[in-house]
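Computed from a predicted model, the values in this text were never measured in an experiment. Numbers for residues simply follow the sequence, beginning at 1.
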Amino acid sequence: MATKKIEFVASPTGKFLLAYNAGETATLDEKQADELIEAGYAKEVKKKTTDSAADKAAADKAAADKAAADKAAADKAAADKAAADKAAADKAAADKAAN
């Protein structure tokens with residue numbers, strides 16, 4: 001038996017003898033739910049979708065791009081530090097040789 005989740009927009013108590021109020025939700029037999037929807041007493045509640053594959057792929061790519069950018073920045077900082085250390089060592093060696 002297939003079911004459908006609906007939200008009542010009007011009370012079906014008088015016409016359908018169902019004890020629900022407007023704003024309440026219920027999961028009913030699909031045929032009964034369709035009848036209530038067609039009569040204007042309810043609307044179907046759409047299932048909340050989880051992240052689609054495309055959304056997940058985009059999030060994964062963004063995370064990978066950020067990781068690559070962070071690594072590039074760390075590599076540049078390490079190279080800059082190494083260059084500064086070498087320059088300082090070269091200067092110290094030159095100063096020592098001059099004395």
### Message
With rounding to the nearest 0.5 angstrom, report the NZ to OG1 distance, Lys4 to Thr27.
### Response
12.0 Å
### Task
Go through the steps for Phe16 and Tyr41 under the test ring-ring contact (aromatic ring centres under 6.0 Å, His included), then give the verdict.
CA-CA 10 Å; Phe16 294 95; Tyr41 284 82; 5.3 Å; yes
### Query
Does the pair Asp34 and Glu44 meet the rule for a side-chain contact (heavy atoms from CB on, under 4.5 Å), with working shown?
CA-CA 9 Å; Asp34 288 341; Glu44 184 174 1; 5.9 Å; no
### Task
Specify the closest pair of heavy atoms between Phe8 and Leu28, including all atoms of both residues, with the distance to one decimal.
CZ-CD1, 4.2 Å
### Task
Look up atom CD in Glu7 and atom CG in Leu36, then write down how far apart they are to the nearest 0.5 Å.
13.0 Å
### Message
Would the distance check show the side chain of Glu24 and the main-chain N or O of Asn21 forming a donor-acceptor pair, the cut-off being under 3.5 Å?
### Response
yes
### Summary
Rounding to 0.5 Å, atoms CD (Glu30) and CD1 (Ile6) come to a distance of 11.5 Å
